[in-house]
Student: 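Please find one structure pasted underneath; my questions will follow.
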2 protein chains.
Amino acid sequence: MERLFQSVRITINDKLYVKDPESSNLGKRIVEESIFMINDFGFESFTFKKLGQKIGSNESSIYRYFENKHKLLLYLASWYWGWLEYQLVFATNSIPEANSKLERAIEIVTQATEIDLAFTHINEVLLNKIVINEYSKSYLTKEVDQENKDGYFVIYKRLVNRMSLMINEVNPDYPYSSSLASTIIEGALHQYFLMDHFSSLTSCNKKITPTEYFKHLTFNTLNIKKNG
Amino acid sequence: MERLFQSVRITINDKLYVKDPESSNLGKRIVEESIFMINDFGFESFTFKKLGQKIGSNESSIYRYFENKHKLLLYLASWYWGWLEYQLVFATNSIPEANSKLERAIEIVTQATEIDLAFTHINEVLLNKIVINEYSKSYLTKEVDQENKDGYFVIYKRLVNRMSLMINEVNPDYPYSSSLASTIIEGALHQYFLMDHFSSLTSCNKKITPTEYFKHLTFNTLNIKKNG
DNA sequence: CAAATATAATAGTATTACTATCATGTTATA
DNA sequence: TATAACATGATAGTAATACTATTATATTTG
């Protein structure tokens with residue numbers, strides 16, 4: 001990513017943390033190392049105690065940044081979706097034509113993630129893997145309605161809505177734009193998961209990308225002839 | 001469901017249980033009550049100890065049927081997918097024409113679940129809710145590859161493959177049949193979840209069903225004109 | 001230099017997810 | 001009907017988890 005973005009910060013609901021992890025070195029290391037650890041061992045095996053040991057800090061110090069690991073996961077996911085949203089807006093903003101705009105948007109949300117050098121303490125490629133493997137767990141809970149009210153999912157919802165609006169621009173008569181938008185975003189995560197673990201359940205592989213599949217799906221559903 | 005099915009049994013990988021819960025009264029009550037409890041309190045809060053208390057049995061007795069609650073979830077999910085598969089095969093078997101067959105198949109896997117009186121100790125409606133809210137957690141684990149090798153997901157995979165084959169029959173040139181099949185099945189669960197908790201992210205509601213959305217999506221993607 | 005603040009160290013608690021052992025009840029069969 | 005085999009129940013115990021609380025020690029700031 002370009003130098004321009006240097007000063008961009010992803011703004012996250014401040015109820016998701018006790019103390020802003022961006023405000024100190026320790027906070028950044030908590031975020032940085034938690035991404036590695038959740039990737040390596042999975043969210044279930046990940047604990048604040050182990051994280052403390054790895055970063056040479058104390059369990060109790062981590063609790064001063066995040067109430068619990070569930071909120072840390074929500075924080076990481078919000079960061080990821082905020083980062084994606086930024087890329088989406090930046091990449092599509094200057095495209096006036098609705099079809100091309102939507103096409104670019106589908107690319108952004110379904111493409112394999114690349115490292116963004118603007119955020120040194122966050123590995124976006126690993127964060128994408130966390131989102132693929134763990135994001136569902138953040139909302140498949142009994143507390144989801146309260147947490148939704150508290151705004152823990154606003155960025156994700158905004159992203160889906162942006163996609164939905166672009167779908168509407170392409171075909172204002174299409175009656176399922178919200179469902180199609182959520183299908184693309186959630187479905188892309190799922191297709192990547194299947195590529196890794198259930199290859200017989202997906203048509204995607206090294207040659208056929210989820211992007212290609214979702215572009216075809218979208219533009220055919222909207223009855224638009226594309227050759228992409 | 002009809003009397004014919006009385007003798008039908010859903011066959012589940014015997015590695016998923018220590019002792020077949022269908023083989024005793026206690027076993028059936030474990031399955032029956034676990035469905036209620038997981039629904040009421042969510043999978044995270046559900047424990048064998050609490051289940052034991054509820055059914056007037058002992059924690060240690062439950063462990064003689066299931067190694068742990070993860071395997072119980074896999075058992076319940078397998079049962080659900082096996083039950084759906086049975087309905088799918090039964091409902092589509094006699095339809096010779098490919099389009100109508102696929103249409104019926106989409107209805108089966110995306111419709112709201114109804115009670116099946118053939119299985120008295122299993123509440124299919126609640127089980128469907130469990131699958132919507134908890135199924136992802138059964139495969140979003142670090143052990144997924146080993147468990148896949150051990151055949152814990154065979155029924156689910158078979159179901160997706162059946163859908164995929166029906167898609168192929170409708171349009172042999174369509175190159176993404178497996179992805180579309182997995183998108184429909186997983187996507188339907190997701191749309192139902194969104195209807196309950198994130199209504200702004202779905203176009204489905206009391207009037208527009210997930211079935212309608214997925215039929216439209218599928219037949220337009222396959223370039224088949226339908227009015228359904 | 002004192003006060004405020006951040007971090008570390010240690011201890012403690014309730015709960016979870018089991019395992020192990022032994023007792024009791026039930027059923028099958030000789 | 002006696003006895004073995006098996007199913008279930010009761011109790012205890014363990015290591016780990018997910019915290020909370022308290023106190024000590026750095027570090028920063030005014």
Side-chain angles (χ1 to χ4, degrees), chain A residues 14-34 37-38 40-76 121 134 137-138 140-143 147, chain B residues 14-34 37-38 40-76 121 134 137-138 140-143 146-147 152:
Chain A
D14 60 16
K15 284 185 189 163
L16 284 178
Y17 47 78
V18 183
K19 179 180 175 177
D20 186 357
E22 299 273 333
S23 71
S24 78
N25 202 266
L26 179 60
K28 282 178 195 156
R29 287 175 60 225
I30 287 171
V31 169
E32 182 176 19
E33 279 298 328
S34 70
M37 287 193 83
I38 293 173
D40 288 345
F41 309 116
F43 187 66
E44 278 69 40
S45 302
F46 167 79
T47 71
F48 281 0
K49 191 167 194 173
K50 289 177 195 165
L51 177 60
Q53 280 157 3
K54 188 150 181 207
I55 63 177
S57 177
N58 199 272
E59 195 187 1
S60 58
S61 301
I62 298 166
Y63 276 104
R64 271 188 217 96
Y65 285 86
F66 293 100
E67 260 180 69
N68 51 52
K69 68 176 183 174
H70 171 65
K71 290 216 171 164
L72 171 57
L73 179 61
L74 286 166
Y75 176 90
L76 293 175
H121 68 297
E134 322 286 358
K137 298 170 192 169
S138 78
L140 295 177
T141 67
K142 282 284 161 185
E143 297 76 34
E147 295 189 347
Chain B
D14 60 17
K15 283 184 189 163
L16 285 178
Y17 48 76
V18 183
K19 179 180 175 176
D20 185 358
E22 299 273 334
S23 71
S24 77
N25 201 266
L26 179 60
K28 282 178 195 156
R29 287 175 61 227
I30 289 170
V31 169
E32 182 176 19
E33 281 296 328
S34 70
M37 287 193 83
I38 294 173
D40 288 345
F41 309 116
F43 187 66
E44 278 68 41
S45 302
F46 167 79
T47 71
F48 281 1
K49 190 167 194 173
K50 291 177 194 164
L51 177 60
Q53 280 157 2
K54 189 150 181 209
I55 63 177
S57 178
N58 199 271
E59 197 187 0
S60 57
S61 301
I62 298 167
Y63 276 103
R64 276 190 209 96
Y65 285 86
F66 294 101
E67 260 179 69
N68 50 52
K69 69 175 181 173
H70 172 65
K71 290 218 172 164
L72 171 57
L73 178 60
L74 286 166
Y75 176 91
L76 293 176
H121 68 297
E134 322 286 357
K137 299 170 192 169
S138 79
L140 294 177
T141 68
K142 281 286 162 185
E143 296 77 33
Q146 183 56 51
E147 295 189 347
Y152 295 0

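The chains referred to below are lettered A, B, ... by the order of the sequence lines, with proteins before strands, and numbering in each begins at 1.
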Student: Whole Å only: how far is the CD1 atom of B:Ile55 from the P atom of D:dA10?
Tutor: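 Whole-Å distance recorded here is 12 Å.
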Student: Would you find more than 12 non-hydrogen atoms of other residues, nucleotides or ligands less than 6.0 Å from B:Lys49 atom NZ?
Tutor: no
Student: Within the structure, does a side-chain N or O atom of A:Thr47 lie under 4.0 Å from either OP1 or OP2 of D:dA18?
Tutor: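 For D:dA18, OP1/OP2 do not have a side-chain N/O of A:Thr47 under 4.0 Å.
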Student: Rounded to the nearest angstrom, tell me the gap between atom CG in B:Leu51 and atom P in C:dT15.
Tutor: 18 Å
Student: What is the distance from CD of B:Glu59 to C1' of C:dC22, rounded to the nearest Å?
Tutor: 17 Å
Student: Minimum heavy-atom separation for B:Ser23 to B:Asp20, with atom names?
Tutor: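 Smallest interatomic distance, heavy atoms only, reads OG-O, 2.6 Å.
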Student: For the residue pair B:Glu147 / B:His70, report whether a side-chain donor-acceptor contact shorter than 3.5 Å exists.
Tutor: yes
Student: Rounded to the nearest angstrom, tell me the gap between atom CZ in B:Phe41 and atom P in C:dT15.
Tutor: 15 Å
Student: Among D:dT11, C:dA17, D:dT8, which is the nearest nucleotide to the side chain of B:Leu26?
Tutor: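 Of the candidates, D:dT8 comes closest.
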Student: Using a distance-only test with no angle check, is there a side-chain donor-acceptor pair under 3.5 angstrom linking A:Ser24 and A:Tyr65?
Tutor: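 Short answer, yes.
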Student: Among C:dT16, D:dT8, C:dA8, which nucleotide has an atom closest to any side-chain atom of A:Arg64?
Tutor: C:dA8
Student: Does a nitrogen or oxygen in the side chain of A:Lys19 sit under 4.0 Å from OP1 or OP2 of C:dT7?
Tutor: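 Answer is yes, contact under 4.0 Å.
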Student: Taking only the side-chain heavy atoms of B:Ser61 (C-beta and beyond), determine which of D:dG9, C:dT7, D:dA18 contains the nearest atom.
Tutor: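 That would be D:dG9.
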Student: Using a 4.5 Å cut-off on heavy atoms from C-beta on, say whether the side chain of A:Val31 contacts that of A:Pro21.
Tutor: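 Yes, side chains in contact.
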Student: Without decimals, in angstroms, what is the distance between A:Ile62 CD1 and C:dA9 P?
Tutor: 12 Å
Student: At 4.0 Å (heavy atoms only), tell me whether A:Phe48 reaches a base, stays on the sugar-phosphate, or touches nothing.
Tutor: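 It contacts nothing in the nucleic acid.
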Student: With a 4.0 Å cut-off on heavy atoms, is B:Glu67 in touch with a base, just the backbone sugar-phosphate, or nothing at all?
Tutor: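 Sugar-phosphate, backbone atoms only, no base.
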Student: Looking at the side chain of A:Ser60, which of D:dA18, D:dT11, D:dA21 is the nearest nucleotide?
Tutor: D:dA21
Student: C:dT15 P sits how many Å from B:Glu44 CD, rounded?
Tutor: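 So the two atoms are 18 Å apart, to the nearest Å.
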Student: Give the rounded distance in Å between these two atoms: NZ of B:Lys49 and C1' of D:dT17.
Tutor: 15 Å
Student: Taking for each residue the nucleotide of DNA chain D with the nearest heavy atom, is it A:Lys69 or B:Gly27 whose nucleotide lies nearer the 5' end?
Tutor: B:Gly27
Student: Rounded to the Å, how far apart are B:Leu73 CG and C:dA17 C1'?
Tutor: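 To the nearest whole Å, that distance equals 16 Å.
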Student: What's the closest nucleotide to the side chain of A:Asn68 if the choices are C:dA8, D:dC19, D:dT8?
Tutor: D:dC19
Student: Which nucleotide in the list D:dA18, D:dT8, C:dT10 gets nearest to the side chain of B:Tyr65?
Tutor: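 Among D:dA18, D:dT8, C:dT10, the one nearest the side chain of B:Tyr65 is D:dT8.
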